[in-house]
2 protein chains.
Amino acid sequence: MARRNDHSREEIREMALEAAEQLVSEQGPGAFSARKVAGAIGYTVGTLYLVFDNLDDLILQMNARTLDRLHGRMLQARIQCRNSREALLRLGETYIRFADEDPHRWEMIFGHRTAEGEKTPEWFQQKVARMFALVEAVMQPLAKRRSAPEIAQAARALWGGVHGICILALTDKLGVAGVQSVQDLAQSLINNYLEGFTRQ
Amino acid sequence: MARRNDHSREEIREMALEAAEQLVSEQGPGAFSARKVAGAIGYTVGTLYLVFDNLDDLILQMNARTLDRLHGRMLQARIQCRNSREALLRLGETYIRFADEDPHRWEMIFGHRTAEGEKTPEWFQQKVARMFALVEAVMQPLAKRRSAPEIAQAARALWGGVHGICILALTDKLGVAGVQSVQDLAQSLINNYLEGFTRQ
DNA sequence: ACCTGAACACCGTTCAAGT
DNA sequence: ACCTGAACACCGTTCAAGT
């Protein structure tokens with residue numbers, strides 16, 4: 001057995017991530033397993049361990065790609081806006097639409113527990129931080145009298161809030177039905193928060 | 001083998017839930033398994049299936065008890081306050097302190113994914129709804145000019161927000177260190193939101 | 001050098017068989 | 001009637017052995 005060399009390391013990595021994303025999207029996180037991913041790309045489980053450290057590593061890399069796509073969409077949403085207030089609302093809308101379009105892939109990012117003792121690697125944390133930095137940048141012109149640390153804190157509070165509404169709604173814990181209601185909640189949070197934050 | 005009758009059904013249920021809670025508290029959700037819970041109470045795995053439908057059922061019942069304790073704490077926090085604004089801030093503080101004191105048990109509630117196709121049972125959803133009802137009740141006197149549906153929506157937006165800050169911070173995604181920073185973020189969210197919501 | 005396949009130590013769940 | 005223990009179909013992970 002063995003030595004097929006049909007694909008380079010990098011190709012196998014790409015195929016595996018592609019297959020993993022499809023599996024999660026279509027059947028949810030519960031259906032995800034190393035054997036299924038391997039089977040889907042025509043290799044054995046062992047091969048996955050030549051390319052990834054372990055299953056957590058594979059999931060992390062898959063989640064990184066999802067975060068990259070989200071970040072891309074958020075960047076795109078911002079440049080289509082004429083003012084900062086509109087941009088902030090559009091960022092929230094984009095965030096929720098993205099989660100709603102592929103809830104399984106989304107849950108994979110924020111529902112995935114890093115193993116006890118292990119901590120999320122730096123490069124992944126930065127992909128999350130990048131999102132908050134984007135929110136900060138948009139909030140800056142809205143509260144010119146606030147200091148940089150104040151704006152950083154506000155961006156975290158507000159975006160944590162948008163995220164919370166999103167995650168509770170997607171997991172059926174908010175008692176609201178339909179994406180539009182979730183969008184309304186988030187817009188309400190952003191608008192009212194801004195009211196308080198920019199005044200005074 | 002078999003027929004010990006040392007404990008009634010109800011006693012086994014109680015022991016199992018107790019053991020499950022301890023296991024999760026001390027070793028995290030990853031260490032949790034039916035065999036470990038059974039072992040901890042001196043019974044076999046099979047016995048658990050005489051008392052619970054399946055592992056999801058056990059987890060749900062454990063989470064229900066956690067939610068009951070949280071609700072109790074929140075009720076207690078409210079009656080110690082002189083006005084509604086203070087009560088709302090104390091509710092947020094209580095929520096976050098509770099999560100921080102036992103993060104694993106907390107994550108079990110909101111990180112637990114109901115199996116694909118299955119949906120969370122009604123009786124559990126109501127325990128979550130009860131929490132939002134409490135927030136609503138506290139917000140009511142703060143915005144007398146708002147309609148009941150408006151207040152219901154505001155409670156969900158605001159508490160979804162507090163939850164989001166809490167969950168992101170606990171899973172190290174907010175880039176903040178220490179409980180106090182999380183508390184600060186939540187208080188900032190509540191204060192600024194209220195500012196916008198109660199004005200006008 | 002590359003990949004396999006079988007092994008290991010775990011899972012959740014079921015259920016005939018013992019007392 | 002109550003509980004067991006073994007079985008089944010799965011896991012993640014490792015690694016000697018084949019080509």
Side-chain angles (χ1 to χ4, degrees), chain A residues 1-17 19-21 23-24 26-63 104 108 111-118, chain B residues 1-17 19-20 23-24 26-63 104 108 111-118 121:
Chain A
M1 283 297 122
R3 161 133 79 167
R4 317 191 333 181
N5 223 348
D6 286 347
H7 306 282
S8 73
R9 220 78 153 184
E10 189 47 49
E11 284 170 331
I12 293 180
R13 191 188 103 95
E14 188 62 29
M15 289 161 61
L17 289 174
E21 286 169 354
L23 198 62
V24 169
E26 294 174 1
Q27 304 188 238
F32 181 81
S33 88
R35 280 175 170 85
K36 281 189 195 162
V37 171
I41 64 172
Y43 279 84
T44 331
V45 232
T47 304
L48 286 183
Y49 286 82
L50 298 172
V51 178
F52 301 97
D53 294 342
N54 48 43
L55 210 64
D56 248 47
D57 182 37
L58 195 164
I59 292 173
L60 219 58
Q61 302 212 30
M62 173 172 61
N63 288 343
H104 290 321
M108 207 67 183
H112 180 242
R113 294 188 262 265
T114 42
E116 191 64 0
E118 290 292 303
Chain B
M1 282 295 120
R3 162 134 79 166
R4 315 191 335 180
N5 226 351
D6 287 347
H7 305 281
S8 71
R9 219 80 152 185
E10 189 47 49
E11 284 171 331
I12 293 180
R13 192 189 102 94
E14 188 62 30
M15 290 161 62
L17 288 174
L23 197 64
V24 169
E26 292 174 1
Q27 303 187 239
F32 180 81
S33 87
R35 279 174 170 85
K36 281 188 194 161
V37 172
I41 63 172
Y43 279 83
T44 331
V45 233
T47 304
L48 286 183
Y49 286 82
L50 298 174
V51 178
F52 301 98
D53 294 341
N54 48 45
L55 210 64
D56 249 47
D57 182 37
L58 195 165
I59 292 173
L60 219 58
Q61 303 212 29
M62 172 172 63
N63 288 343
H104 290 321
M108 207 67 183
H112 180 242
R113 293 188 263 264
T114 43
E116 191 65 358
E118 291 292 302

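So you know, we letter chains A, B, ... as the sequences are listed, proteins then strands, and number each from 1. Note that the structure is a prediction, hence the values are computed from the model and not measured.
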Open item on the list: I need the A:L58 CG to A:D53 CG distance, nearest 0.5 Å.
Closed with: 10.5 Å
Open item on the list: Output the rounded distance in Å from CG (A:D56) to C1' (D:dG12).
Closed with: 11 Å
Task: Donor-acceptor side-chain pairing of B:E26 and B:H104 below 3.5 angstrom - done: no
Open item on the list: Measure CZ/B:R35 against C1'/C:dA9 and give the value in whole Å, please.
Closed with: 11 Å
Task: Spatial distance of atom OH (A:Y49) from atom CG (A:N54) [nearest 0.5 Å] - done: 6.5 Å
TODO: Begin from the C-alpha positions of B:L23 and B:K36 and carry the test side chain to side chain contact (heavy atoms under 4.5 Å, CB included) through to its verdict.
DONE: CA-CA 8 Å; B:L23 197 64; B:K36 281 188 194 161; 3.8 Å; yes
Open item on the list: Could you measure the distance from the CG atom of A:L48 to the CZ atom of A:R13? Nearest 0.5 Å is fine.
Closed with: 12.5 Å
Task: B:R4 CZ to D:dG5 C1', straight-line distance once rounded to whole Å - done: 14 Å
Task: Pairing annotation in dot-bracket form, given for DNA chain D with Watson-Crick or G-U pairs under 3.5 Å and | for cross-strand partners - done: ||.|||||...|||||.||
Open item on the list: Please report the distance, rounded to the nearest Å, between CG in B:N54 and P in C:dG12.
Closed with: 11 Å
Open item on the list: Please determine whether a side-chain nitrogen or oxygen atom of A:T47 lies at a distance below 4.0 Å from atom OP1 or OP2 of C:dC2.
Closed with: no
TODO: With the side chain of B:A34 defined as its heavy atoms from C-beta on, choose the nearest nucleotide among D:dT13, D:dC3, C:dG12.
DONE: C:dG12
- [ ] Check whether any side-chain nitrogen or oxygen of B:Y49 sits under 4.0 Å from OP1 or OP2 of C:dT14, and answer yes or no.
- [x] no
Task: Reference residue B:F52; test side chain to side chain contact (heavy atoms under 4.5 Å, CB included); the match among B:I59, B:L60, B:T47, B:L17 - done: B:L17
Task: Upstream residue (5' side of DNA chain D) when A:D53 and A:A31 are each assigned their closest nucleotide - done: A:A31
Open item on the list: Among D:dG12, C:dT13, D:dT4, which nucleotide has an atom closest to any side-chain atom of A:L55?
Closed with: D:dG12
TODO: Could you state the atom-to-atom distance from CG of A:L50 to C1' of D:dC15 in whole Å?
DONE: 11 Å
TODO: Would you tell me if any nitrogen or oxygen in the side chain of A:S33 comes within less than 4.0 Å of OP1 or OP2 on D:dC11?
DONE: yes
Open item on the list: Whole angstroms only, please: what is the CD-P distance between A:E118 and D:dT13?
Closed with: 11 Å
- [ ] Could you state the atom-to-atom distance from CG of B:L48 to P of C:dT13 in whole Å?
- [x] 10 Å
TODO: Let me know the distance between CG of A:D6 and P of C:dA1, rounded to the nearest Å.
DONE: 19 Å
Task: Donor-acceptor contact below 3.5 Å, side chain B:E14 vs main chain B:E11 - done: no
